[in-house]
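Worth saying up front: this structure is predicted, and the values here are computed from it rather than measured. Throughout, protein chains are lettered first and strands after them, A, B, ... in sequence-line order, and every chain is numbered starting at 1.
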2 protein chains.
Amino acid sequence: MAQSSQKINMADVARAAGVSMATASRALNNDYGVSEATRRRVLAVAEELSYVVSPEASRLAGGATGRVAVVVPHISRWFFAALLEGLESVLRAADLDVLLYHVDGIEDRHDFFHRLPARRKVDAVVVLAFPVGEEEQRRLELMGVTIIAAGGQHAPYPNVSIDDETAGRQAMDHLLFLGHRRIAMIAAVDPDQPDEVQPSGRSNAYYSALRDAGIPLDERLVVTVDWGGDQGADAMAKLLSQPEPPTAVYAHSDEVALGAIRTLRRAGLRIPDDISVIGIDDHPVAELTDLTTVRQPVREQGERAGRMLLNILRGEETEHGVVVPTQLVIRGSTAPPRG
Amino acid sequence: MAQSSQKINMADVARAAGVSMATASRALNNDYGVSEATRRRVLAVAEELSYVVSPEASRLAGGATGRVAVVVPHISRWFFAALLEGLESVLRAADLDVLLYHVDGIEDRHDFFHRLPARRKVDAVVVLAFPVGEEEQRRLELMGVTIIAAGGQHAPYPNVSIDDETAGRQAMDHLLFLGHRRIAMIAAVDPDQPDEVQPSGRSNAYYSALRDAGIPLDERLVVTVDWGGDQGADAMAKLLSQPEPPTAVYAHSDEVALGAIRTLRRAGLRIPDDISVIGIDDHPVAELTDLTTVRQPVREQGERAGRMLLNILRGEETEHGVVVPTQLVIRGSTAPPRG
DNA sequence: GGTCGTTTCGGAAGCGTTTCCGTTCCCGAA
DNA sequence: TTCGGGAACGGAAACGCTTCCGAAACGACC
């Protein structure tokens, strides 16, 4: 049994199976043009010799890399990590390797698109949760690989995401349903994504909900801040300093909502008795802090994106834009206004 | 602007730089035997042509892959994501690509080590925050690649982490300093890491702190649960159901502490007036929820691990075991016991 | 000025596949 | 019996790099 466990290659397999390398290659790849008998023989020999094709050589000679690049910002935030987790799971199940490219900050991002380190290293690129600019699009296409997007603003690529406006409406409608009329909004923007100058779906929801409810807009009740808990806290402080503070706060995300709550608590206000707060996302912490929110299936978005990619890679048809549903989750941070 | 974006290879670069491929290769790889002037010229041309070496060809010919595998569990938890973030940043700065292998659950993990998908695909493997078993060690070594660990139990590899016992002592000593004598511990274990049967440093800290303070151990004040916020909540409920509840709770992690707090709040208890709670980690949410905790520099651990790896890959000397310091962060969830 | 040691550089042989062209073989149709 | 056509298979040229080995250039030293 003590065989020379030297590095054996396809030539060895071919020889042992009594076929040419060409045929061996075809058999090993389940390619067209090999008789069933031959294929079986080759496969058996390969198994016997516990041979596996060299991915490097395979790729060099023209095959696929079996790798996909994932570009993701802010990876230590739950949302992005969860997205990544979902994506990775289906990709790896399909025997694809995931090359991680974390881009934080606008310049980091520029750098990435400028250098395109993924070039000729992957079969596809998945852009997680950020908009792709014109110039960036061009460079991406230059790579000549499949591209898809997930979890974010609709890129011009196949993508999966939630409907932000609907999610926002679910939150606002809940507040309105409870009887609130003086509702503030803490809008959060990602400072690293300047493209997002146009009003977001989550903001639109605020305006349309008020309009539909016949409540006049009070500009002072809208505060826009950079994304983040601390920013949420600051925003809440600003809101609180007004002559007629809101009875409810609609925050664009759970983290921002948590920040707002901290300010509220420190100010001695009770939640939801004195003021209601609602977020969006259903961050795991939301459950631990009894925060009412609108849940979006984050991991699932990553998974869907992964499956989409798989389909495309296989040359199959696939949906182009998938929208996954969101859902109101009522917890302890919202209640009817006092009175 | 419409340049032919054809695939260019090293031969093109060499030609453009007026050198042979051999020299170009050496220059691109920062190899020995190229004059500084030549090297610069080659690099400039490469940049100009936005050329990157084909990892496949490079590897095939005997070079390095320029890739490192990162094995990480629970990626959507802040701790792991932050670790990864730090690691990735230094690795990418060094032009190494990161292959992400997410292993969740014990079987997933076994599967990984059994198949070792990273085989021949990477130059090194970084194991993030989980202990490596005997058998796994063997298989890892079989790969013949560099291996390091970060953020976790000391593996038999170069690694960086915190001193769990010290961290625990910082938390316990704070509670004791405030005057608490009836202190409970909610110990958290990772259900996916059965290796961790031996008492952890965080637990040891509890016992030694009590001993040093001359406080007799009350077994009923120790609850061990699986890691997680909900589990923390359950543990707290158990603690609360006792005839003589604690005046302070030491939780192994911030998430667990938050869970405990939820139970406390729901029970109508006020924090820190009625009961103090302290966690470990300084999860971003801790700041938002005014949770006193012991901070560990997570991102930094990832970065240090990355630099260690870089050193090793370069064949330089490097420290074998790095311990980064932790620090007590006093916020609003702890106070002296009610007198 | 000649010899020897360094340093820098080029030629070319692989590395292990895939795939483009053929070639052979077999079978049914004419 | 011959011929055409398709299936099965083989030869060999890429694929893009690294590296061994030797050549050339350049000083330094005697």
### Query
Separation of B:Arg67 atom CZ from D:dC17 atom C1', in whole Å?
13 Å
### Task
Assign A:Val52 to base, sugar-phosphate, or nothing according to its heavy-atom contacts below 4.0 angstrom with the strands shown.
sugar-phosphate
### Query
Below 4.0 angstrom, N of the basic side chain to O of the carboxylate: do B:Arg39 and B:Glu36 qualify?
yes
### Task
Taking only Lys NZ, Arg NE, NH1 and NH2, and the carboxylate oxygens of Asp or Glu, determine whether A:Lys121 and B:Asp97 approach each other closer than 4.0 Å.
yes
### Nearest-neighbour nucleotide for the B:Ser54 side chain, D:dA8, D:dG16, C:dC9 considered
D:dG16
### Task
Inspect the contact between A:Arg67 and B:Glu56 and indicate whether a charged nitrogen and a carboxylate oxygen are less than 4.0 angstrom apart.
yes
### Task
Report the relative orientation of the aromatic rings in B:Phe130 and B:Phe113; use parallel for angles under 30°, tilted for 30 to 60°, perpendicular for over 60°.
perpendicular
What pairs of nitrogen or oxygen atoms, one from the protein and one from nucleotides 10-13 of chain D, lie under 3.5 Å apart?
{"from": "D:dG10", "atom 1": "OP2", "to": "A:Ser20", "atom 2": "N", "distance (Å)": "2.6"}
{"from": "D:dG10", "atom 1": "OP2", "to": "A:Ser20", "atom 2": "OG", "distance (Å)": "2.9"}
{"from": "D:dG10", "atom 1": "OP2", "to": "A:Thr23", "atom 2": "OG1", "distance (Å)": "2.8"}
{"from": "D:dG10", "atom 1": "N7", "to": "A:Arg26", "atom 2": "NH2", "distance (Å)": "3.0"}
{"from": "D:dG10", "atom 1": "O6", "to": "A:Arg26", "atom 2": "NH1", "distance (Å)": "3.4"}
{"from": "D:dG10", "atom 1": "O6", "to": "A:Arg26", "atom 2": "NH2", "distance (Å)": "3.2"}

### Query
Which sits closer to the 5' end of DNA chain C, B:Arg39 or B:Leu60, going by the nucleotide each is nearest to?
B:Arg39
### Task
Give a yes/no verdict on a cation-pi contact between A:Arg77 and B:Trp78, requiring under 6.0 Å between NZ or CZ and the six-membered ring centre and an angle within 45° of the axis.
no
### Query
C:dT18 P sits how many Å from A:Glu56 CD, rounded?
13 Å
### d(CZ, B:Arg59; P, C:dT17) in whole Å
13 Å
#### Entry: B:Met10, nearest nucleotide to its side chain (from D:dC17, C:dT19, C:dT18)
D:dC17
### Message
Starting the side chain at C-beta, find the nucleotide from C:dT18, C:dC9, D:dC9 nearest to A:Ser35.
### Response
D:dC9
### Message
By nearest atom, which of the nucleotides C:dT17, D:dG16, C:dC9 is closest to the B:Tyr51 side chain?
### Response
D:dG16
### Summary
Here the pair of heavy atoms bringing B:Met10 nearest to B:Ala24 is CG-CB, 4.0 Å
### Task
Describe the nucleic acid contact of A:Ser58 in one word from base, sugar-phosphate, nothing, applying a heavy-atom distance below 4.0 Å.
sugar-phosphate
